[in-house]
Number of protein chains: 2
Amino acid sequence: MELSATAKVILGMLAARPRSGYEIKQLVDNSTRFFWAASYGQIYPELKRLAEAGLIEGSDASQGARQRTVHRLTAKGKRAVREWIESPPDVFELRDEGLLKLFFAGSADPGRAAEIARERAAHSAGIATRLTELAAERDSGAAEGPPFSVDQPSTTVLRYGIEMNEWIAGWFERAAQDLERGSAKPKGLAAAGRRK
Amino acid sequence: MELSATAKVILGMLAARPRSGYEIKQLVDNSTRFFWAASYGQIYPELKRLAEAGLIEGSDASQGARQRTVHRLTAKGKRAVREWIESPPDVFELRDEGLLKLFFAGSADPGRAAEIARERAAHSAGIATRLTELAAERDSGAAEGPPFSVDQPSTTVLRYGIEMNEWIAGWFERAAQDLERGSAKPKGLAAAGRRK
DNA sequence: TTAAGCATGTAAGGTGTTACATGATTGA
DNA sequence: TCAATCATGTAACACCTTACATGCTTAA
């Protein structure tokens, strides 16, 4: 049973407790969004497929005239999540436009390379700040939230986001300094165009 | 003029010098692949579109009966690359299955969380090693290669790949230690299922 | 009463990979 | 001669986002 990307996040979210499609979407946006996103256009059709495959089952939870279906894992579904969690991680994808620009800066716009690196650093620093605020907000308002669970972005994973962005900011900052100091030793970035 | 992801990498590659579609693909696989991939199924149609838009032009470079077209930037194309490089970086996408598994380990398979983190660490450590070997190989064989240019994976960018993977390995290693030591203070990872 | 949020879903369109199809050239 | 590599391209399919469509409920 090959699980699609969306199936993985749905099944994982349902492992803690049954939820509606809407709730799954909110949770994704609040937690895994930075490293594993999903949209309604993926979630609802995938819920249907998972039900057909017998991994989840829906039960009606309408309130009055507002329809609502909560989905829960079947025994087969629980087995599938466990198997997936056991299996070695494979997907790791990265798409970083700042890095691509830096890569080309040498041939397309040599003078600006350091500036580009600095902009990219600022961008990641900004994200780190936003995430730090979010974490602080979350920690202080903890009194009224539910107890720790997948319902809240895991502290550990949030910290990953913060620390990774800090690391990236630091790296690009150092790269900018290297580029400014040593225009003489271009490290492969500013040297294109020399060939012919 | 909105540039597609593939257009960006093609234009960037052509900024250094004219190349065939085949050469562009080889270069991508040798350099930007880790943070900006492209396949033939994207490259050839995109070359056609870019030519129609007047950003590049092809000239015949067939050798005997083997057809070959090299593409070069037009004045308009050069302007487009420069504009793109000037513009603030936006795309940053990450998809990390190991992190997702760790996120769910608490509710799906609590006992294995530390192990999962350790596997993920080993995976990134392995990539870092491979990249380090690649860099060493490249540095030693430098005598017979062409001089530095976009034709070779930039040292700076290669270093990024190495250092980032080392950072990731370190982070997951620390996470594994936290999980082993403090089963008592689960940091949001092993606590799901408590609600109800 | 009206806006915000809950809730489900589809259609269109873009992005991207894989596999296939074709054929030439080069070096072992 | 045979495999590897050069070289171009398409078709099928999967993936994913955005925008739209619909309608209920709750709180201001």
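Throughout, a chain's letter reflects where its sequence line sits, starting with A, and its residues are numbered from 1. We use all heavy atoms of the structure for the numbers below, so side chains are in, but hydrogens, waters and symmetry mates are not.
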For this session: For B/Ala80, check side chain to side chain contact (heavy atoms under 4.5 Å, CB included) against everything at least two apart and list the hits.
Result: B/Leu55
Exercise. B/Ala61: what forms a side chain to side chain contact (heavy atoms under 4.5 Å, CB included) with it, not counting sequence neighbours?
Worked result: B/Arg68, B/Val70
For this session: Compute the bend angle of the helix from C/dT1-D/dA28 to C/dA28-D/dT1 from the end axes (five pairs per end), rounded to 10°.
Result: 20°
Exercise. Taking DNA chain D as the partner, which of residues 47-55 of chain A come within under 4.0 angstrom of it by heavy atom?
Worked result: none
Problem set entry | OP1 or OP2 of D/dG9 under 4.0 Å from side-chain N/O of B/Tyr40 | no
For this session: Whole angstrom is fine here: how far is it from CD1 in A/Ile10 over to P in C/dG9?
Result: 12 Å
Exercise. Could you give all pairs that pass the salt bridge (charged side-chain N to carboxylate O under 4.0 Å, His left out) test and reach residues 48-67 of chain A, with sequence neighbours left out?
Worked result: A/Glu46-A/Arg49
Exercise. Got a sec, which pairs hit ring pair (Phe, Tyr, Trp, His ring centres under 6.0 Å) with one end in residues 43-73 of chain B, sequence neighbours left out?
Worked result: B/Tyr40-B/Tyr44
Seminar exercise, completed: By salt bridge (charged side-chain N to carboxylate O under 4.0 Å, His left out), B/Glu163 pairs with (sequence neighbours left out) B/Arg159
Can you name the atoms? Protein N/O to nucleotides 22-27 of chain D N/O, anything below 3.5 Å, with the distance.
unit_1	atom_1	unit_2	atom_2	d
D/dC24	O3'	A/Arg66	N	3.4
D/dC24	O2	A/Arg66	NH1	2.8
D/dT25	OP1	A/Gln63	O	3.4
D/dT25	OP1	A/Ala65	N	3.1
D/dT25	O4'	A/Arg66	NH1	3.1

For this session: Specify whether A/Tyr160 and B/Trp171 have parallel, tilted or perpendicular ring planes, treating 30° as the upper limit for parallel and 60° as the lower limit for perpendicular.
Result: perpendicular
For this session: Could you pull out all residues at least two apart from B/Arg72 that satisfy salt bridge (charged side-chain N to carboxylate O under 4.0 Å, His left out)?
Result: none
Exercise. Among all residues two or more places apart in sequence or in another chain, which pass the side chain to side chain contact (heavy atoms under 4.5 Å, CB included) test with A/Arg95?
Worked result: B/Ala5, B/Trp36, B/Val91, B/Glu93
For this session: Looking at every strand, decide which applies to A/Ser62 at a 4.0 Å heavy-atom threshold: base, sugar-phosphate, or nothing.
Result: nothing
Seminar exercise, completed: Those residues at least two apart in sequence (or on a different chain) that pass salt bridge (charged side-chain N to carboxylate O under 4.0 Å, His left out) with B/Lys25 are B/Asp29
For this session: Could you pull out all residues at least two apart from B/Thr132 that satisfy side chain to side chain contact (heavy atoms under 4.5 Å, CB included)?
Result: B/Ile162
